[in-house]
Engineer: 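Let me give you the structure first, and then I'll get to my questions.
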Amino acid sequence: MIKITLPDGGQREFPAPLRGDELALNISRSLAKKAVAVRVDDEVKDLSTLIDRDARVAILTAEDPAALDILRHDCAHVLAEAVKELFPETQITIGPVIENGFFYDFARPTPFSLDDLEAIEARMREIVDRDKPITREVWERDKAVAFFRSIGEEYKAEIIASIPAGQEVSIYGQGQWQDLCRGPHLPSTGKLGKAFKLTKLAGAYWRGDSNNEMLQRIYGTCWASEKDLKAHLLMLEEAEKRDHRRLGRELDLFHFQEEGPGAVFWHPKGWSLFRCLIDYMRERQRHGGYHEVNTPELLDASLWVASGHAEKFAEEMFSLHTPDKRHFCLKPMNCPAHVQIFRQGIKSYRDLPFRMSEFGKVHRYEPSGALHGLMRLRAFTQDDAHIFCSESQITEECVTVTNLILEIYRDFGFDQVRVKFSDRPSSRVGSDEVWDKAESALRTAIEAAGLDYVLNPGEGAFYGPKLEFVLRDAIGRDWQCGTLQVDLNLPGRLGASFIGEDGQKHPPVMLHRAMFGSLERFTGILIEHHAGRFPLWLSPVQAVVATITSDADDYAREVTARLFARGIRAECDLRNEKINYKVREHSVRKVPVQLVVGKREAEERTVSVRRLGVAQQRIAPLDEIVMALAREIEDRSPLITDAAAAAVAAE
RNA sequence: GCCGGCUUAGCUCAGAUGGUAGAGCACCUGAUUUGUAAUCAGGGGGUCGCGGGUUCGAUUCCUGCAGCCGGCACCA
């Protein structure tokens, strides 16, 4: 007797083991028709799986979130089958499910074209229409290797050959096509439906290693219904509209040009945003006991040899030779320069911890293909700091830094932050004993701060382990920003020391930390996070005073001057245009506050306040609105949302 | 750096099987004094990314390079 517990709590008993599809049919005919897979206890399996013990069982339909991965995985298989039919000389490799879809990597001498993509998608739809059953067989590993080798699938054979000997492998088949796969899969190709689309072509290295040959990757997206597919495509369009490169142009924030790949030309409005970040951070760091410094961008190569950068970072450094035959490098990091400041004069343990900060501009020769707007540059500014301390101060300093980072992210509206712990990389300086010490110190600190973290093995800096702070933006993308690194190597290498209580010289510990990371990148993240509609305190233009007729010109100038006197970034629009025209233009430019003045306002000394995105206005006395705006800026209030602004307007 | 694609006016984009190009918006000028998302009329503007080749002739075809875009690899 087998007892099956259904999701609704109901129980059914069966005299003998039965398959998932049989159970579905037993429940209802309509469910059997829609069924795509079965969940036995907590494991999702093929519908054909034999249930031979008491279990909790759920029949999954396409709408079930857990079924989506199966759909996508099947879609990858159908893609591969279509490619093999159309281009038999192509070899298959791997085709996993990814966020929102799937991809499949193919090995072939000539790349696919966009036309090929269309043909492949059409063939995929044919394969779905054929509705061939999808079958699962368990093979002996060596048989599978021999089989795939015999049909010319060398990559597949190599993958299977790397599975431990003697282990069984499952082979899924549909029509004439077979692939190694862990499963589970749909009962037949027809169950896949038509809510999929091939999205892009790309090159990708075999086994993700740039020493290997490049394969041809086809990406696709796949959903349970046409409606979901459409929603996803619409979401992509929306995401494109908030792309910081596009908004940077539209809002006149910055530009790039050919002569400076990976280097930003900040326009006044963009620079205003950038300076907001610096001003904010200066204030936070002043309260945090930091001392701001400034160091040279160009330093003799010998310093970079001493620091270890020349050895570990040479490929990424810009270097130049002067007419007098000296060799200089543009700094890729600020740390060695900060050590030079620490080294001036004799330091006592009483001076520690010493927190040295710099908005330091660094240059790194990033690979051309890595450049991406403000997010990945060759010249960028770090909100860098180095905390020189004793070993006994590491934990407390790390905890303080960690808390500060999280607090700062909250101020900018980022609540979801993940922490990664990166330990020693294969290419590094310093002994293993020193690394043991640094890693355990950092781990103690993160535990003391009570943070959850994931291990990121081998990803530390060459001089020490690090924490990386990854924040999630408004549309769910992750960005690595802050970092905290424990360094027991560089101070010694660069000859830094302090006199301890014992009267002896000791090398200090150096904590490297950045909170925004790259100010340019953080600006880019903010642009996308807010879709260009910044909270008032960050807005490059905070208010525009717009006249209805020239009768109000003098008053408008006065209003603008009042705002300006309170430190508010205000502009005055006296142009001979209709108010509709002005309102539209300033709305398109995403100015958060428009103060419209006509004859009436001038006489009554009021303004008509219009918040971005809210059609309804309210009339307020001039004094009141100047004060309210000043307070909103000072409080760094989050963006007044449409709903909140509507409520204010309705008052 | 690797694979593929793209590069035409300030922006978004048309266009010619090879005979030096066009729209909308923006800009300039004039008229209009206007009450909350585009007033009307006129005008100027492009060595079609850069270099080489084929050709009587190249922005169009071929080729090299650069930049950008989508990925991969790398990474703040």
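FYI, side chains are in, hydrogens and waters are out, and symmetry mates aren't considered; it's all heavy atoms of this structure. Naming convention: chains lettered A, B, ... in sequence-line order (proteins, then strands); numbering from 1 in each chain.
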Engineer: Which whole number of Å gives the distance between the P atom of B:G24 and that of B:U63?
Structural biologist: 37 Å
Engineer: For side-chain contact (heavy atoms from CB on, under 4.5 Å), just list the numbers for A:Val583 and A:Ser587, CA-CA rounded to whole Å, side-chain angles, deciding distance to a tenth of an Å, and then say yes or no.
Structural biologist: CA-CA 6 Å; A:Val583 165; A:Ser587 299; 4.0 Å; yes
Engineer: Could you check whether the side chain of A:Arg378 and the base of B:C75 have a donor-acceptor pair of N or O atoms closer than 3.5 Å, going by distance alone?
Structural biologist: no
Engineer: Students often get this wrong, so: under 4.0 angstrom with heavy atoms, is A:Gln480 touching a base, only sugar-phosphate, or nothing?
Structural biologist: sugar-phosphate
Engineer: Considering every strand and a 4.0 Å limit on heavy-atom distances, what is the contact class for A:Arg600: base, sugar-phosphate, or nothing?
Structural biologist: base
Engineer: Take atom C1' in B:C48 and the same atom in B:G18, then report the distance between them in whole Å.
Structural biologist: 14 Å
Engineer: Can you check whether A:Asp383's main-chain N or O pairs, donor with acceptor, with A:Arg513's side chain at less than 3.5 Å?
Structural biologist: yes
Engineer: All N/O contacts under 3.5 Å from nucleotides 39-50 of chain B to the protein, with atom names and distances to one decimal?
Structural biologist:
none

Engineer: Less than 4.0 Å between a side-chain N and a carboxylate O, is that true for A:Arg108 and A:Glu213?
Structural biologist: no
Engineer: Mapping A:Arg249 and A:Ile619 onto RNA chain B by nearest heavy atom, which one lands closer to the 5' end?
Structural biologist: A:Arg249
Engineer: Determine whether a donor-acceptor pair (one donor, one acceptor, N or O, separation below 3.5 Å) exists between the side chain of A:Tyr365 and the base of B:G1.
Structural biologist: no
Engineer: Base of B:A37, side chain of A:Arg610 - is there a donor-acceptor contact under 3.5 Å?
Structural biologist: yes
Engineer: How would RNA chain B look in dot-bracket form, 5' to 3', counting Watson-Crick and G-U wobble pairs with both distances under 3.5 Å and writing | for bases paired to another strand?
Structural biologist: (((((((..((((.....[..)))).(((((.......))))).....(((((..]....))))))))))))....
Engineer: Heavy atoms only, 4.0 Å cut-off, all strands: where does A:Gly203 land among base, sugar-phosphate and nothing?
Structural biologist: base
Engineer: Between B:U20 and B:G57, how far apart are the C1' atoms? Round to whole Å, please.
Structural biologist: 10 Å
Engineer: Measure across A:Pro592 and A:Val541 and return the closest heavy-atom pair with its distance rounded to 0.1 Å.
Structural biologist: CD-O, 3.2 Å
Engineer: Are the side chain of A:Asn456 and the backbone N or O of A:Ser422 linked by a donor-acceptor pair below 3.5 Å?
Structural biologist: no
Engineer: Within a radius of less than 6.0 Å around CD of A:Glu99, do more than 12 heavy atoms belonging to other residues, nucleotides or ligands occur?
Structural biologist: no
Engineer: I'd like the P distance from B:U33 over to B:C40, given in whole Å.
Structural biologist: 15 Å
Engineer: Mind checking the C1' distance from B:C74 to B:U17? Whole angstroms is fine.
Structural biologist: 44 Å
Engineer: With nearest nucleotide decided by heavy atoms, which residue, A:Val583 or A:Glu316, maps closer to the 5′ end of RNA chain B?
Structural biologist: A:Val583
Engineer: Could you tell me whether A:Glu407 and A:Arg284 have a side-chain N and a carboxylate O separated by less than 4.0 Å?
Structural biologist: yes
Engineer: Within the structure shown, what part of the strands sits under 4.0 Å from A:Lys599 by heavy-atom distance: base, sugar-phosphate, or nothing?
Structural biologist: base
Engineer: Side chains of A:Glu311 and A:Ser427 only: does a donor on one sit below 3.5 Å from an acceptor on the other?
Structural biologist: no
Engineer: My understanding is that only residues two or more places apart in sequence, or in another chain, count here; which of them pass side chain to side chain contact (heavy atoms under 4.5 Å, CB included) with A:Arg245?
Structural biologist: A:Asp243, A:His372
Engineer: For A:Phe380 and B:A76, are the ring centres under 5.5 Å apart with planes inclined under 30°?
Structural biologist: yes
Engineer: Considering the options A:Glu316, A:Glu297, A:Glu358, which one meets the salt bridge (Lys or Arg N to Asp or Glu O under 4.0 Å) requirement together with A:Lys331?
Structural biologist: A:Glu358
Engineer: For B:A14 and B:C72, measure between their C1' atoms and round to the nearest Å.
Structural biologist: 34 Å
Engineer: Ignoring hydrogens and angles, answer whether the base of B:A66 and the side-chain atoms of A:Glu259 contain a donor-acceptor pair closer than 3.5 Å.
Structural biologist: no
